Participant: 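Mind looking over this structure? Questions follow.
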Amino acid sequence: MASRYWVVSLPVQQNSSTTSLWSRLQESISRHSFDTPLYRFNIPNLRVGTLDSLLALSDDLVKSNSFIEGVCSKTRRQIEELERVSGVLSSSLTVDGVPVDSYLTRFAWDEAKYPTMSPLKEIVDGIHSQVAKIEDDLKVRVSEYNNVRSQLNAINRKQTGSLAVRDLSNLVKPTDVVTSEHLTTLLAVVSNYSQKDWLSSYETLTTYVVPRSSKMLYEDNEYALYTVTLFNRDADNFKIKARERGFQIRDFEHNPETQESRKQELEKLMQDQETFRSSLLQWCYTSYGEVFSSWMHFCAVRIFAESILRYGLPPSFLSVVLAPSIKSEKKVRSILESLCDSSNSNFWKADDEGGMAGFGGDTEAHPYVSFTINLV
């Protein structure tokens, strides 16, 4: 599917009709740019209102379009991230059960949802409010999901981080630790380049260290974990002396109940993460369709309002959707311009040529109404 489309309206000249203009456009595209898909963009007879209301609405249309397009893109990116993390194949996004590009190229106004007799501002405000609510819901749901991920990542860092910070409960067995009325076992984290220093000095750091009691339990890229057994009354003094030599003594108490509690917490967080991720992904699929549908209805209002302001009353224009390739853009622009009133063409030139670029905000400056829709 194409990723970039133009939504365009062309003025219907006197003594002509939308049907004949459509035929001429089809013929010109087919003859000079046959690789450019072309579709009718069917807009119903909307309520025009007053010129003042249209002008006021026009000022808001560009800002609202940027907002709605932004929410659409944000939701799509969230879907892509969730699919990547879940390891699932990217699915084709749909709107009301049809692919996104098909929904655009076969757009049909939803009269039940957006009554055409409603004022244009009311329709636009309703679309904006609906999309804003979806954006708020997205923020809440993503925050809940990220909160669980953060908790899980924090636990995983303790499980897999360096020995200076990681949880030691899965590295130390009950048989590695001596605990009695007079003796205790401490755990020392020693940098790899200091292991020889540790082995040659730990017995003499204080007076009451059990000789040859140090045993290496684990080693990673930075540190090694050693035990050392000594008299209880000497433990605090040993910790001080060890720190002075650059050895870190980790506090540790072997507690089976604590280990089981941590294991259960980890399992619960993993289940919660999967539940939140699956729920968020399904919600994003549905919400993307809702936002995209709202966006296309907004685009219909936008092209209607801009066309009235550009061509005047009564409404008499042809609205279409095109998907030209980059190499065909210039040719297609030329075709579209040739179907407009040539006497006005010089008025709609780029800003650096002293023309009317910038009318309608980011609406592209041409003798016809045109703006771009990016699907990715």
Side-chain angles (χ1 to χ4, degrees), residues 81 85-87 142-277:
E81 180 188 339
V85 172
S86 302
V142 170
S143 177
E144 291 174 341
Y145 170 61
N146 286 338
N147 182 46
V148 173
R149 287 182 67 193
S150 296
Q151 294 181 57
L152 193 56
N153 288 338
I155 291 177
N156 286 332
R157 280 196 298 272
K158 289 183 178 179
Q159 298 284 0
T160 60
S162 75
L163 287 169
V165 295
R166 72 177 290 176
D167 179 19
L168 302 179
S169 58
N170 61 337
L171 302 179
V172 183
K173 302 183 183 67
T175 53
D176 295 326
V177 178
V178 175
T179 303
S180 68
E181 182 180 353
H182 299 292
L183 295 175
T184 187
T185 297
L186 300 179
L187 298 176
V189 175
V190 180
S191 62
N192 287 340
Y193 61 81
S194 299
Q195 289 190 58
K196 289 183 178 180
D197 185 24
W198 165 262
L199 292 172
S200 64
S201 64
Y202 79 90
E203 294 179 352
T204 59
L205 288 180
T206 58
T207 306
Y208 300 101
V209 177
V210 176
R212 294 183 296 282
S213 63
S214 185
K215 180 176 69 171
M216 187 175 75
L217 303 182
Y218 184 82
E219 185 177 17
D220 62 21
N221 293 332
E222 299 178 79
Y223 301 98
L225 180 66
Y226 282 91
T227 61
V228 59
T229 303
L230 62 159
F231 280 77
N232 280 321
R233 62 183 180 181
D234 212 19
D236 290 339
N237 190 32
F238 185 90
K239 291 178 182 179
I240 294 172
K241 297 295 185 181
R243 277 197 296 269
E244 290 175 353
R245 293 292 293 269
F247 307 131
Q248 179 186 354
I249 303 299
R250 291 284 307 273
D251 292 328
F252 178 79
E253 180 181 353
H254 196 277
N255 188 327
E257 292 181 1
T258 300
Q259 284 185 262
E260 183 61 27
S261 175
R262 287 173 179 168
K263 181 181 177 183
Q264 292 176 359
E265 180 187 8
L266 179 61
E267 290 175 351
K268 183 179 184 305
L269 282 172
M270 291 176 68
Q271 291 174 355
D272 288 348
Q273 177 182 246
E274 188 56 39
T275 299
F276 275 114
R277 183 163 56 207

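Just so we're clear, the structure is a prediction, and the values are computed from it rather than from any experiment.
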Participant: Charged N to carboxylate O below 4.0 Å: is that the case for Lys268 and Glu265?
Facilitator: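 No, no charged N to carboxylate O under 4.0 Å.
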Participant: CG of Leu163 to CZ of Arg250: how many Å apart, nearest 0.5 Å?
Facilitator: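 It is 8.0 Å, given to the nearest 0.5 Å.
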Participant: Other residues, nucleotides and ligands only: do more than 12 of their heavy atoms fall within 6.0 Å of CE on Met216?
Facilitator: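 Enclosed: over 12 neighbouring heavy atoms sit under 6.0 Å from CE of Met216.
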Participant: Say you draw a straight line from OG1 of Thr184 to CG of Asp234; how long is it, rounded to the nearest 0.5 Å?
Facilitator: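 Reported to 0.5 Å precision, the distance equals 11.0 Å.
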Participant: Near Lys241 NZ, under 6.0 Å, is it more than 12 heavy atoms from other residues, nucleotides or ligands?
Facilitator: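 No.
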Participant: Under the ring pair (Phe, Tyr, Trp, His ring centres under 6.0 Å) rule, collect the residues that match up with Tyr218, sequence neighbours excluded.
Facilitator: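 Tyr218 satisfies ring pair (Phe, Tyr, Trp, His ring centres under 6.0 Å) with no other residue.
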Participant: Angle class for the Trp198/Tyr226 ring planes (parallel below 30°, perpendicular above 60°, tilted otherwise)?
Facilitator: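 Rings of Trp198 and Tyr226: tilted, as their planes differ by 30° to 60°.
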Participant: Just grab all the salt bridge (charged side-chain N to carboxylate O under 4.0 Å, His left out) pairs involving residues 187-216, residues at least two apart or on different chains.
Facilitator: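 Qualifying pairs: Asp176-Lys215, Asp197-Arg245.
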Participant: Any chance you could measure Leu269, atom CG, to Asn153, atom CG, to the nearest 0.5 Å?
Facilitator: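 It comes to 10.5 Å.
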Participant: Determine, stepwise, if the pair Thr275 / Val148 fulfils side chain to side chain contact (heavy atoms under 4.5 Å, CB included).
Facilitator: CA-CA 10 Å; Thr275 299; Val148 173; over 6 Å; no
Participant: To the nearest 0.5 Å, what is the distance between CG (Asn232) and CD (Glu181)?
Facilitator: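 If I round to the nearest 0.5 Å, the distance is 9.0 Å.
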Participant: Can you check whether Thr227's main-chain N or O pairs, donor with acceptor, with Ser214's side chain at less than 3.5 Å?
Facilitator: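 Confirmed, Ser214 side chain pairs with Thr227 backbone.
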